[in-house]
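First comes the structure, then the notes that go with it.
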Amino acid sequence: MSRHLRVLREAGLVTARAEGKRRLYALDLRPLREIDEWLEPYRDLWARRLDALDTEIARGRRARRTGDGA
């Protein structure tokens, strides 16, 4: 666990503070907001493509149920 937390801390995704013998970790939202902003232009594109994939999967399931296979 400590290795994972160290990686997150080094990546700037969490902050740590010592409290006695314990270290308390908190999520730092700033880097995540930056990623969220960077991803924004791609969301609509991927949402449409994933919706189309969902439609095709549903068609395949219906075809298997009805025996169409086409």
Side-chain angles (χ1 to χ4, degrees):
M1 179 63 78
S2 61
R3 287 183 194 161
H4 297 297
L5 290 169
R6 185 183 76 231
V7 169
L8 292 172
R9 190 178 69 246
E10 289 172 357
L13 296 173
V14 297
T15 59
R17 67 179 169 91
E19 190 174 278
K21 291 183 178 183
R22 301 183 320 173
R23 273 194 184 271
L24 300 177
Y25 288 83
L27 188 60
D28 185 352
L29 295 178
R30 288 174 300 188
L32 297 175
R33 285 187 189 116
E34 290 174 22
I35 292 169
D36 185 54
E37 289 171 12
W38 184 83
L39 287 170
E40 185 59 36
Y42 303 100
R43 283 201 178 92
D44 188 47
L45 170 74
W46 281 106
R48 286 182 278 138
R49 290 181 182 201
L50 291 172
D51 287 345
L53 176 60
D54 187 49
T55 299
E56 291 303 317
I57 290 170
R59 283 183 187 157
R61 286 182 181 149
R62 280 194 303 272
R64 280 197 306 271
R65 272 197 311 258
T66 61
D68 287 347

Atom of L27, atom of L13 and distance for their closest heavy-atom approach
CD1-O, 3.3 Å
Smallest heavy-atom separation, G12 atom then P31 atom, equals O-CG, 3.1 Å
[X], [Y]: one ILVMFWY side-chain cluster at the under-4.5 Å cut-off?
X: L8; Y: L24; value: no
X: L29; Y: V14; value: yes
X: V7; Y: Y25; value: no
X: L50; Y: Y42; value: no
X: W46; Y: I35; value: yes

Do the side chains of R30 and E34 get close enough for a salt bridge, i.e. N-O under 4.0 angstrom?
no
Under 4.0 Å between a side-chain nitrogen and a carboxylate oxygen: does that hold for R59 and D54?
no
Would the number of heavy atoms belonging to other residues, nucleotides or ligands and lying under 6.0 Å from CZ of R22 be above 12?
no
When rounded to the nearest 0.5 angstrom, what distance separates [atom1] in [X] from [atom2] in [Y]?
X: R65; Y: R61; atom1: CZ; atom2: CZ; result: 8.5 Å
X: E10; Y: L5; atom1: CD; atom2: CG; result: 11.0 Å
X: R62; Y: I57; atom1: CZ; atom2: CD1; result: 12.0 Å

